[in-house]
Amino acid sequence: MADLSFLALLLLLPPALLFLILYVIVRPRPVKIPIKNRHVFITGGSSGIGLALAHQAATEGARVSILARSIDKLEEAKNYIQLSTGIDVSIFAADVRDYGAVSKAVEEAGPVDVLIVNQGVFVPEELEKQGLDEVKFMVDVNLIGSFNMIKAALPEMRKGEDRGPRSIALMSSQAGQVGIYGYTAYSASKFGLRGLAEALQQEVISHDIHVSLVFPPDTDTPGFAEETKRRPPLTGIIAESSGAMKAEDVAKRALDGIKSASFIVPCNFEGLLLSIATAGLSPQRSFVMAFFEVVAAGLVRLVALCFQWNWYTSIQKWQAQNKRT
């Protein structure tokens, strides 16, 4: 019996020691971001995930502002939220590529507690065939537009330490964790958000501002059906392994992640595996999640290699078939 107890102690000691080490070293420390009675500003808020986020935040008692290009869609979104929640939201028509316009909108909206940079455009095509105007369009909206929004809101956010912890959340994509055939420009614009988020978190942590990076999969939004029509056939084959989520489900996962100040916010099980596989040097607030990242890294890497094997096999088969036809 004593031998069994000693063996059990030996088996439990390494994970317990790892837990203790992670508890001490994990940074930044855990924090909660309140939503109720806070000002939540959402870009791309007139449809899709942005509208679902606005609805969810309003339901939880936030003062919500939404920004998008189309005033007509903004009015529709405002009416929808008003009818379903009884809560009025502020709307601002501006293009995130225009720093002057978004600065004016943020100034009119007032100090922001939770900034959700959600705008995004997606035009799938192989780089060789895609026009540079479309590449620039995606980079300007998805990446430069995010810089514009954060730079416009950050000065007043930094002054709000008396209002409690604040948040800047960036809506990336699972295509911002792994490159996919036909997503060359889109993936580049979304991968860039990770570097922005990691560096920004270090710059703003002393002001009690916490950065979250959300990685949704394909999401059933008004633009998704149109976007998939342009997908190269091979992209559709590779992307079949990732099912589409409802915008409302993505919004709930995203807002939960923002409220817990999680740096990486996956939206489904596949996203969780991707987050572990690509954790790298990213911040991690949860020592429990850090434990799984450390322990599961090897196994998840093996799973990732299986995915890559499947994708490259599909590419080889597709190219072989097209050579024969």
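Here the structure is a predicted model, which means the values were calculated and not measured. Sequence positions, counted from 1, serve as the residue numbers for this chain.
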Cluster check Leu83, Val89: I/L/V/M/F/W/Y, side chain < 4.5 angstrom: no

Could you give me the CA-CA distance, side-chain angles and deciding distance for Glu270 and Phe307, then say whether side chain to side chain contact (heavy atoms under 4.5 Å, CB included) is met? CA-CA 11 Å; Glu270 187 179 71; Phe307 271 100; 4.0 Å; yes

Atom pair CZ (Arg29) and CD1 (Ile205), whose distance is rounded to the nearest 0.5 Å: 11.5 Å

Please name the residue in the list Cys267, Pro217, Ser187 that meets the side chain to side chain contact (heavy atoms under 4.5 Å, CB included) test with Gln174. Pro217

Side-chain H-bond candidate by donor/acceptor type, His55 with Thr85, under 3.5 Å: no

If hydrophobic clusters are built by linking Ile, Leu, Val, Met, Phe, Trp and Tyr wherever their side-chain heavy atoms come under 4.5 Å apart, do Phe292 and Val26 end up in the same one? yes

If every non-hydrogen atom of Leu115 is compared with every non-hydrogen atom of Val112, which pair is closest and at what distance? N-CG1, 3.7 Å

Interatomic spacing from CD1 in Ile168 to CG in Leu213 - rounded to 0.5 Å: 12.5 Å

Would the distance check show the side chain of Lys190 and the main-chain N or O of Met171 forming a donor-acceptor pair, the cut-off being under 3.5 Å? yes

Would you find a donor on one side and an acceptor on the other, under 3.5 Å apart, between the side chain of Arg166 and the backbone of Gly164? yes

Shortest non-hydrogen separation from Gln119 to Gly145 and the atoms involved: NE2-C, 3.6 Å

Is the shortest heavy-atom distance from the side chain of Val141 to the side chain of Arg97 under 4.5 Å? yes

Chi angles and distances behind the side chain to side chain contact (heavy atoms under 4.5 Å, CB included) call for Asn142, Leu193: CA-CA 8 Å; Asn142 299 347; Leu193 293 178; 5.6 Å; no

Might you point out which heavy atoms bring Leu22 and Ala290 nearest each other, and give the distance in Å? CD1-C, 3.8 Å

Side chain to side chain contact (heavy atoms under 4.5 Å, CB included) for Leu67 and Val106? Distances and angles first, verdict last. CA-CA 9 Å; Leu67 179 144; Val106 169; over 6 Å; no

Quick check: are there more than 12 heavy atoms from other residues, nucleotides or ligands sitting under 6.0 Å from CG of Leu132? no

Treating Ile, Leu, Val, Met, Phe, Trp and Tyr as nodes and any side-chain heavy-atom pair under 4.5 angstrom as an edge, say whether Leu272 and Val178 lie in one connected cluster. no

Which pair of non-hydrogen atoms, one from Leu143 and one from Ser189, has the smallest distance, and what is that distance? CB-O, 4.0 Å

For Lys259, is the NZ atom crowded, meaning more than 12 foreign heavy atoms sit under 6.0 Å from it? yes

Are Val294 and Ile25 connected, step by step, through hydrophobic side chains (Ile, Leu, Val, Met, Phe, Trp, Tyr) whose heavy atoms are closer than 4.5 Å? yes

List the steps, then state whether side chain to side chain contact (heavy atoms under 4.5 Å, CB included) holds for Val64 with Ile87. CA-CA 9 Å; Val64 178; Ile87 297 170; over 6 Å; no

With the 4.5 Å side-chain cut-off for hydrophobic clustering, are Ile180 and Val303 part of the same group? yes

Heavy-atom side-chain proximity of Ser314 to Asn310 below 4.5 angstrom: yes

Should Ser172 and Phe215 count as side-chain neighbours, where that means a heavy-atom distance under 4.5 Å? yes

Quick check on Arg230: does its CZ atom have over 12 non-hydrogen neighbours (other residues, nucleotides or ligands) under 6.0 Å away? yes

Distance-only polar pair, side chains of Asp208 and His210, donor-acceptor under 3.5 Å: yes

Can you tell me how far apart OG1 (Thr59) and CD1 (Ile35) are? Round to the nearest 0.5 Å. 12.0 Å

Other residues, nucleotides and ligands only: do more than 12 of their heavy atoms fall within 6.0 Å of OH on Tyr99? yes

Salt bridge (Lys or Arg N to Asp or Glu O under 4.0 Å) between Lys73 and Glu76, worked out: CA-CA 5 Å; Lys73 288 185 177 180; Glu76 289 176 11; over 6 Å; no

Donor on one side chain, acceptor on other, Glu125 and Thr184, under 3.5 Å: no

If you measure from CH2 on Trp311 to SG on Cys306, what distance do you get to the nearest 0.5 Å? 11.5 Å

Heavy atoms, side chains only, cut-off 4.5 Å: are Met289 and Ser275 in contact? no

Tell me, yes or no, whether the heavy-atom count around Tyr23 atom OH, taken from other residues, nucleotides or ligands under 6.0 Å, exceeds 12. no

Phe122 vs Tyr183, test: ring-ring contact (aromatic ring centres under 6.0 Å, His included). Steps then yes/no. CA-CA 8 Å; Phe122 170 43; Tyr183 286 22; 4.7 Å; yes

Could you check whether any side-chain heavy atom of Ile258 comes within less than 4.5 Å of a side-chain heavy atom of Val265, counting everything from C-beta outward? no

Within a strict 4.5 Å, meaning less than it, do heavy atoms of the Arg194 and Thr278 side chains meet? yes

Any salt bridge between Lys252 and Asp256, counting N to O under 4.0 Å? yes

Could you grab the distance from atom CG of Leu53 to atom CD1 of Ile42, nearest 0.5 Å is fine? 5.0 Å

Between Asn148 (side chain only) and Val96 (backbone N and O only), is there a donor and an acceptor less than 3.5 Å apart? yes

Indicate whether the side chain of Glu198 and that of Gln202 have a donor and an acceptor atom separated by less than 3.5 Å. no

Minimum heavy-atom separation for Ser212 to Ala261, with atom names? OG-C, 4.1 Å

To the closest 0.5 Å, what do you measure between CD (Glu128) and CD (Glu126)? 8.5 Å

Under 3.5 Å side-chain donor-acceptor pair for Arg285 and Ser260: no

Is it true that a side-chain atom of Arg38 and a backbone atom of Asp113 form a donor plus acceptor pair closer than 3.5 Å? no

Validation row: Arg158, Ile209 side chains within 4.5 angstrom (heavy atoms): yes

For Asn118 and Thr43, which heavy atoms make the closest approach, and how far apart are they? N-OG1, 2.8 Å

Does Glu107 pair with Lys104 as a salt bridge, N-O distance under 4.0 Å? no

Any side-chain heavy atom of Val123 sitting closer than 4.5 Å to one from Tyr186? no

